[in-house]
There are 2 protein chains.
Amino acid sequence: MADSAVLDAVDLHILRLLQNDARTTYRDLAAEVGVAPSTCLDRVARLRRIGVILGHQLRVDPAKLGRGIEALLSVQVRPHRRELIGPFVDRIRALPESRALFHLTGPDDYLVHVAVTDTADLQRLVLDEFTSQREVARVETRLIFQQWDCGPLLPPASGR
Amino acid sequence: MADSAVLDAVDLHILRLLQNDARTTYRDLAAEVGVAPSTCLDRVARLRRIGVILGHQLRVDPAKLGRGIEALLSVQVRPHRRELIGPFVDRIRALPESRALFHLTGPDDYLVHVAVTDTADLQRLVLDEFTSQREVARVETRLIFQQWDCGPLLPPASGR
DNA sequence: CTTGAAATCGCAAGCTT
DNA sequence: AAGCTTGCGATTTCAAG
């Protein structure tokens with residue numbers, strides 16, 4: 001279903017460049033990689049078709065939008081059954097404060113990445129949207145001091 | 001430094017649309033928002049200039065790149081001093097397996113989001129890059145069953 | 001902010017290897 | 001089958017009102 005794709009050096013070079021700047025033109029890609037622009041077009045179209053490229057995302061600074069504080073919330077959902085966790089996931093994803101949601105192994109079932117205006121806002125969010133809910137057994141809040149993106153995502157060095 | 005920006009309804013509308021699809025053309029943006037395409041261009045350029053828009057990122061499927069397993073590693077770095085954590089952060093960010101890195105409050109200093117080929121690869125990563133390092137006092141590994149992106153990031157409802 | 005025109009880009013068709 | 005070149009329509013971009 002999500003099997004590893006067969007990618008050559010040109011594909012990987014294109015992926016590396018587009019992960020740095022997804023708006024690089026085919027002409028510039030072509031110049032950098034050393035092929036014709038239409039070849040880049042074909043390669044990118046193929047990468048989209050086979051699902052390697054999922055889409056283009058705008059990166060936005062939460063602080064500039066008045067959400068200067070970010071935090072990670074570890075949440076235990078009990079009982080951990082499908083009829084409870086489906087609605088829980090939908091509700092959390094719909095919160096304007098939510099940035100990302102993970103379902104994890106371990107004692108804490110979910111990790112929620114949130115962006116809020118201040119600590120009072122964070123307290124309100126935790127109390128009103130989490131601890132006050134029947135299915136939420138426990139919430140642990142950790143503030144994010146700083147966060148970093150890492151290098152472009154590429155196949156393991158052994159390749160293919 | 002990262003003060004909240006002053007955005008009007010047009011800016012917010014554009015941000016919402018671009019977060020749904022960062023490749024929406026200025027022409028389509030204009031039609032949707034109800035202004036001229038060049039106005040959209042000006043607005044987006046301004047949003048970039050003032051730092052609200054940080055860039056355009058390609059979303060890629062890790063599984064299709066042979067990284068079918070993702071995990072979160074909670075890491076204690078001891079002693080937690082600048083001369084140790086600087087190199088630690090640089091080293092972790094440079095790992096091809098790293099997707100994101102967070103510096104957090106609480107007993108676990110760092111959270112590392114990684115994508116690996118399989119559990120053996122994960123074990124190798126944890127042993128060779130984390131627990132074997134002097135400054136790493138403890139590592140806790142949690143697998144990611146599933147993850148979700150959330151809605152577009154926008155200012156709090158009360159805002160401007 | 002809009003209009004309008006020029007430059008650039010995306011994209012498909014045809015050609016070559 | 002894969003890549004290159006060409007050309008047209010769409011888009012971006014800029015100057016002027």
Measure from [atom1] on [X] to [atom2] on [N] and round the result to the nearest Å.
| X | N | atom1 | atom2 | result |
| --- | --- | --- | --- | --- |
| B/Arg48 | D/dT13 | CZ | C1' | 15 Å |
| A/Tyr26 | D/dT6 | OH | P | 21 Å |
| B/Asp42 | D/dT12 | CG | P | 14 Å |
| B/Leu29 | D/dT11 | CG | C1' | 12 Å |
| B/Arg23 | D/dA10 | CZ | P | 17 Å |
| B/Arg27 | C/dT2 | CZ | P | 16 Å |
| A/Asp28 | C/dT8 | CG | C1' | 11 Å |

- Message: In terms of relative ring orientation, are A/Tyr110 and A/His80 parallel, tilted or perpendicular, with 30° and 60° separating the classes?
- Response: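 Ring orientation, 0 to 90° scale: tilted.
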- Message: As a test of reading the structure: which of C/dC1, D/dT12, D/dC4 is closest to the side chain of B/Arg43, going by heavy atoms?
- Response: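 Selected nucleotide (nearest to the side chain): C/dC1.
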- Query: Among C/dT2, D/dT13, C/dC11, which nucleotide sits nearest the side chain of B/Leu41?
  - Reply: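 Side chain of B/Leu41 sits closest to D/dT13.
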- Task: Using the closest heavy atom to pick a nucleotide of DNA chain C for each, name whichever of B/Thr39 or A/Ser38 lands nearer the 5' end.
- Result: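 Comparing both residues, the 5'-ward one is B/Thr39.
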- Single hit among A/His113, A/Arg67, A/Arg124 for side chain to side chain donor-acceptor pair (under 3.5 Å) with A/Glu97: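 When side chain to side chain donor-acceptor pair (under 3.5 Å) is applied between A/Glu97 and each of A/His113, A/Arg67, A/Arg124, only A/Arg124 qualifies.
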- How about B/Thr131 and B/Arg138: does a side-chain donor come under 3.5 Å of a side-chain acceptor? no
- Query: Less than 6.0 Å separating the ring centroids of A/Phe102 and B/Phe145?
  - Reply: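 Centroid separation for A/Phe102 and B/Phe145: 6.0 Å or greater.
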